[in-house]
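Questions regarding the structure given below will be posed in turn.
In the text below, chain A, chain B and the rest are named by the order of the sequence lines, each starting its count at 1. Being a predicted model, the structure only gives us computed values, none of them experimental.
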Amino acid sequence: MRFTFPLMATGLEVAMIVLFATFVQYETDQNLSQKPNSTSVDLDTSGDLYLFFRDVHIMVFAGFGFLMTFLRKYGFSSVGINFLIAALGLQWGTIVQGILHMHGKKFHIGIKNMINADFSTTTVLISFGAVLGKTSPSQMLIMTILEIAAFAGNEYLVGKIFLASDIGASMTIHAFGAYFGLAVAGVLYRSGLRRRHPKEESVYHSDLFAMIGTLFLWIFWPSFNSAIATPGDTQSRAIVNTYFSLAACVVTAYACSSLLEQNGKLNIVHIQNATLAGGVAMGTCADMKIPPYFSLILGSIAGIISVLGFKFLTPFFTTKLRIHDTCGVHNLHGLPGVIGGLASIVAIAMEIPTMSTAMQAAALGSSIGIAIVGGLITGLILKIPIWGQPSDENCYEDSVYWEVPKRIEHDSLFPEHRSHNQLEPEA
Amino acid sequence: MRFTFPLMATGLEVAMIVLFATFVQYETDQNLSQKPNSTSVDLDTSGDLYLFFRDVHIMVFAGFGFLMTFLRKYGFSSVGINFLIAALGLQWGTIVQGILHMHGKKFHIGIKNMINADFSTTTVLISFGAVLGKTSPSQMLIMTILEIAAFAGNEYLVGKIFLASDIGASMTIHAFGAYFGLAVAGVLYRSGLRRRHPKEESVYHSDLFAMIGTLFLWIFWPSFNSAIATPGDTQSRAIVNTYFSLAACVVTAYACSSLLEQNGKLNIVHIQNATLAGGVAMGTCADMKIPPYFSLILGSIAGIISVLGFKFLTPFFTTKLRIHDTCGVHNLHGLPGVIGGLASIVAIAMEIPTMSTAMQAAALGSSIGIAIVGGLITGLILKIPIWGQPSDENCYEDSVYWEVPKRIEHDSLFPEHRSHNQLEPEA
Amino acid sequence: MRFTFPLMATGLEVAMIVLFATFVQYETDQNLSQKPNSTSVDLDTSGDLYLFFRDVHIMVFAGFGFLMTFLRKYGFSSVGINFLIAALGLQWGTIVQGILHMHGKKFHIGIKNMINADFSTTTVLISFGAVLGKTSPSQMLIMTILEIAAFAGNEYLVGKIFLASDIGASMTIHAFGAYFGLAVAGVLYRSGLRRRHPKEESVYHSDLFAMIGTLFLWIFWPSFNSAIATPGDTQSRAIVNTYFSLAACVVTAYACSSLLEQNGKLNIVHIQNATLAGGVAMGTCADMKIPPYFSLILGSIAGIISVLGFKFLTPFFTTKLRIHDTCGVHNLHGLPGVIGGLASIVAIAMEIPTMSTAMQAAALGSSIGIAIVGGLITGLILKIPIWGQPSDENCYEDSVYWEVPKRIEHDSLFPEHRSHNQLEPEA
């Protein structure tokens with residue numbers, strides 16, 4: 001970490017500046033005035049777009065960041081490395097997506113690019129959850145660059161070649177990010193972590209910090225699924241569908257958690273994660289003309305599947321498949337993302353003859369396939385032992401990469417023992 | 001809890017799906033195009049409505065959720081059961097309100113229904129505050145269903161029969177929720193909890209988590225009071241009035257807290273709650289044409305009354321009236337809600353000859369009356385000893401209903417003692 | 001504190017009510033209808049303005065409030081006195097700014113005034129950071145009144161006399177607030193605090209609470225810099241520039257923090273603060289027509305300078321200049337604010353011949369000059385020993401001004417020792 005990380009980070013930021021200088025222009029008055037009759041519409045749209053952007057922005061930085069603070073000694077890294085990945089990733093995402101959709105030597109950026117840039121970082125944040133606590137900041141810089149490139153390629157394929165529909169990105173973001181992360185985690189698997197690590201657990205207040213992340217993700221998920229939808233009825237439908245899917249998902253996740261835990265108790269891990277599966281699963285179908293109760297059913301199923309995944313699949317993955325998924329991203333993003341893709345195929349087959357089920361299936365296949373291949377390659381690069389990966393003992397431990405407060409909490413909680421804290425006499 | 005809760009929750013979600021399949025349609029292009037010349041206006045409105053919806057949504061899920069995390073061992077339940085109540089309640093609220101206002105065999109849902117659904121859950125969340133720590137999740141499912149039905153009935157009466165004005169719902173939500181909750185708490189009163197329970201208290205960080213709730217409620221309260229106001233000047237007035245009422249309320253709450261506590265210290269309970277009373281009290285009058293300084297006076301009074309309530313009324317209720325109100329919802333929602341209703345009568349009498357003071361009084365009366373009757377009936381149902389209510393000893397204790405982290409915080413706070421946490425040798 | 005604080009707070013609130021009754025009117029339908037053809041535009045604008053207002057509002061109350069909760073025993077005061085300052089300050093800011101811009105005997109208030117009122121409080125919250133832990137609530141009431149008056153005067157000078165451009169207020173808010181606070185801190189300097197105070201430090205979870213503040217400030221900073229920009233392209237440019245400047249700043253702040261700390265570790269203080277410097281530095285130029293990569297460069301520089309400031313300048317200020325800056329506001333607001341002002345001079349000289357570099361320089365000079373003079377005078381008034389300033393020993397300690405929970409956290413974290421918490425037998 002001594003010099004590798006600062007040099008890598010500095011080098012990447014310099015590269016971003018050079019790429020921006022080479023390729024990027026603002027959407028200026030001139031550009032807009034070149035499109036006749038469109039000025040006022042564009043401005044209106046951009047005002048509304050900014051509303052949706054901000055919601056996505058909260059999800060990326062506060063939502064994902066705090067969701068991962070559940071580990072008792074890894075809060076600084078969870079929220080801090082999430083911050084770093086997203087800040088670097090949004091610059092890189094702007095560049096990669098801009099170049100892929102460029103018609104000329106430069107491309108223009110505006111609010112819509114900011115939404116798409118934030119979206120692109122989300123894939124890396126999901127994958128980060130799978131390797132949380134077991135990797136170094138330098139490794140995460142590399143993963144950010146590689147995964148966003150792969151994501152942008154797959155998104156281009158799905159949207160421009162297959163012409164498939166994935167408005168809330170169940171497939172291109174959630175399934176993609178989860179399977180990419182699982183592939184990386186599989187390559188980086190170490191038998192030293194097979195047994196439960198003593199630091200891989202929460203304390204009471206770290207679980208409450210994680211609930212901040214859960215709630216801000218949950219609250220704004222309707223905006224995530226509708227941000228780039230066509231304004232008007234289509235966008236409203238995406239909002240309403242996601243709102244109800246999420247609500248149903250909460251109820252079934254609570255029911256299922258209580259049913260599966262000893263003595264009918266609730267498990268806070270399920271509540272932190274599975275309650276969000278309804279948003280993921282609704283992603284692909286959110287703007288389609290489906291009957292309203294379909295959203296409730298889809299959300300209900302997602303909540304149940306996600307809890308089942310946490311209970312049975314994660315232990316199976318760890319012990320049998322040798323894939324250790326710290327945050328259970330497979331249960332929150334992977335499975336519900338696949339469900340979302342499959343649901344779109346069902347919905348199109350039943351209700352929307354103008355769309356192609358084959359192209360939806362191709363989109364789901366390419367999202368998972370490119371994610372796994374990309375993740376395997378990325379994992380092999382991250383495995384090169386020069387990136388400062390933590391030793392087994394130092395996993396899930398902030399103090400390897402962070403200055404951590406030395407004073408023990410305990411001391412600050414005895415106001416009556418103030419004498420111990422008295423100001424020392426001056427020298 | 002073993003099977004009661006998961007079966008109840010599952011059954012309720014299935015019922016919601018059936019009710020949605022029976023009654024609910026989206027606002028589709030067809031519906032809108034049936035209203036000539038109205039399309040663009042509707043779309044614009046829905047864009048703005050979504051802005052207000054999201055603010056209310058934050059208040060419901062993050063605001064109310066974290067406000068109740070002040071108890072040192074009851075944070076999972078506070079934020080988690082709040083989450084469950086609101087997620088179930090918004091589905092049920094959509095149904096009940098939709099059916100009450102239905103013209104035909106189905107009703108349409110859009111963003112406005114989402115705002116009203118969120119509003120309906122608020123009443124239950126307020127009542128939840130009165131019984132916090134003393135009830136089971138199953139009991140809260142029942143209360144959600146019963147209270148939202150009673151709320152929707154009273155709201156119909158106030159809005160459609162009395163034609164009274166209550167834009168920010170001082171009466172129909174805040175006073176209603178508080179008195180409903182007090183009635184339930186009165187019926188569920190147990191003498192075993194008469195003395196201060198050793199777990200009914202905060203620790204330092206739980207009080208900071210509660211401040212997250214306070215601030216997000218405070219910040220977005222102007223949107224709560226204006227969300228369903230007529231766009232334009234009326235809505236702006238509701239925003240501005242609430243903004244200033246809340247600001248004045250903060251200053252007087254601090255002053256009053258310091259005046260009443262020993263040695264002029266501030267009490268964090270007052271700051272967490274009484275600072276919000278200005279938003280409650282402004283609810284009914286927010287959109288009326290009142291002089292601006294009236295908002296400051298109303299907020300100032302609400303802050304003072306609320307602190308006085310916490311200091312003198314809550315102990316009196318507990319010991320003399322045998323009503324134990326955990327969060328002091330009477331001081332935050334009850335009294336300020338009544339003040340808000342009375343203020344509207346004064347404002348109408350003085351400034352607005354076109355409106356009826358009698359109808360405002362009837363609205364206040366019916367809100368309190370239906371709340372108390374509904375709360376008493378609900379309390380009697382909840383008292384049936386089959387809902388897994390916690391024993392006296394287990395009140396204010398997450399571990400009855402939740403898996404709680406086993407490891408003690410202490411251990412995680414001695415980085416120098418890392419040896420105790422070392423990875424055990426593999427078997 | 002016994003009576004000084006409640007009497008001062010009450011007196012100030014009464015004064016606000018009197019001033020509102022004397023000077024303030026709402027923007028009513030009548031006012032709007034007096035401007036022909038403008039009604040719909042005004043209403044639209046006010047809808048968009050409210051969106052920006054809410055973002056600024058979150059930054060003021062949740063962002064600044066939680067950013068300062070890093071001290072282990074001073075969280076109630078940090079978030080609580082921030083709350084009080086902002087609530088009083090927004091009323092006073094409305095009055096002072098309204099009177100300065102008044103044409104007649106009354107002035108009208110609407111959403112735009114709320115934005116400007118929130119802005120005016122920001123200066124005091126920045127200065128509060130410099131004296132955090134060393135002052136009493138009564139002293140902060142006085143500082144609120146004096147600093148907002150000085151701020152409004154300087155803002156009038158900059159905007160109406162110099163006609164300088166400072167859309168995101170790098171100079172008039174950030175540099176002003178920082179140098180005002182440093183001047184106050186200099187006057188209030190006490191040699192008893194020269195050595196590191198044992199309570200002037202964080203614990204693990206207090207640093208995580210501070211990250212809530214950091215992230216909500218970071219997320220909404222694009223709205224801060226664009227809130228009062230001309231809607232349309234200019235506003236969009238301000239948003240986009242700030243978004244990218246902040247992203248670049250995060251990457252360089254991480255790089256620089258790691259480079260300067262022992263063993264390449266990251267310092268959470270840098271991450272909490274220096275990551276925001278890109279927003280401050282972008283303030284003045286945000287809406288100017290500058291090449292996009294300029295924003296990345298400006299943000300990158302701000303991140304580096306800010307970390308360097310925390311590492312080298314803050315210790316120098318404390319030991320040599322006898323100015324103790326608790327939160328390091330000089331590094332987050334002071335230096336980046338000056339950089340922002342200088343950057344605007346460079347940008348205007350290079351790209352915008354229609355604007356005057358001399359006037360920008362005058363604006364920067366007057367912002368710093370008036371801040372220092374105002375801060376020195378305020379400091380002298382606060383030094384009068386009647387405002388209940390804490391003793392050296394009681395600095396950074398909530399329990400001087402707050403009732404603090406008596407129970408130790410420790411006890412609540414041994415679920416297995418539940419016996420100690422059992423309900424005592426009833427008397």
So if I apply the side chain to side chain donor-acceptor pair (under 3.5 Å) rule between B:His324 and each of B:Glu200, B:Arg190, B:Arg194, which one comes out positive? B:Glu200
Cationic N near anionic O, under 4.0 Å, C:Glu403 to B:Lys265: no
Region of B:Ser257 that comes under 4.5 Å of a non-hydrogen atom in chain C: neither
Ring center gap for C:Phe61 and C:His57 short of 6.0 angstrom: yes
Which answer fits B:Gln272, side chain, backbone, both or neither, if we ask what part of it has an atom under 4.5 Å from a heavy atom of chain C? neither
Highest number of heavy-atom pairs under 4.5 Å with chain B: which of C:Thr69, C:Thr94, C:Ile212? C:Thr94
B:Asn225 side chain to B:Gly279 main-chain N or O, any donor-acceptor pair under 3.5 Å? yes
Would you find more than 12 non-hydrogen atoms of other residues, nucleotides or ligands less than 6.0 Å from C:Met102 atom CE? yes
Run through B:Lys311, B:Gln262, B:Glu261 and flag the one making a side chain to side chain contact (heavy atoms under 4.5 Å, CB included) with B:Asn267. B:Glu261
For B:Tyr74, is there any backbone N or O sitting under 3.5 Å from a side-chain donor or acceptor partner on B:Ser77? no
Chain B contact via C:Phe23 - side chain, backbone, both or neither, heavy atoms under 4.5 Å: neither
Below 4.5 Å from any heavy atom of chain B, which atoms of C:Asn82 appear? Answer side chain, backbone, both or neither. neither
What residue in B:Val250, B:Val269, B:Thr214 has the most heavy-atom pairs under 4.5 Å with chain C? B:Val250
Counting distance only, does the side-chain N/O of B:Ser226 pair as donor-acceptor with the main-chain N or O of B:Ala229 below 3.5 Å? no
Identify the residues of residues 292-300 of chain B whose heavy atoms come closer than 4.5 Å to a heavy atom of chain C, ordered by number, or report 'none'. B:Pro292, B:Tyr293, B:Ser295, B:Leu296, B:Ile297, B:Ser300
Using heavy atoms and a sub-4.5 Å threshold, report which of residues 7-15 of chain C line up against chain B, by residue number. C:Ala9, C:Thr10, C:Glu13
B:Arg237 (side chain) donor-acceptor with B:Asn241 (main chain) under 3.5 angstrom: no
Between B:Asn394 and B:Tyr401: side-chain donor-acceptor atoms closer than 3.5 Å: no
What part of C:Phe83 gets closer than 4.5 Å to chain B, counting heavy atoms only: side chain, backbone, both or neither? both
Contact winner vs chain C - B:Leu215, B:Ile304, B:Asp207, heavy-atom pairs under 4.5 Å: B:Leu215
When the ring planes of C:His205 and B:His205 are compared, do they come out parallel, tilted or perpendicular, using 30° and 60° as the limits? tilted
Under 3.5 Å, is there a donor-acceptor pair between the side chain of C:Ser78 and the main chain of C:Met68? yes
Set out, in order, the CA-CA distance, both residues' side-chain angles and the distance that settles salt bridge (Lys or Arg N to Asp or Glu O under 4.0 Å) for B:Glu201 and B:Arg72, then state yes or no. CA-CA 6 Å; B:Glu201 53 182 27; B:Arg72 66 185 169 90; 3.5 Å; yes
Heavy-atom check, side chain of C:Thr122 versus side chain of C:Phe64, under 4.5 Å: yes
Per-residue contact mode, B:Asp398 against chain C (heavy atom under 4.5 angstrom): neither
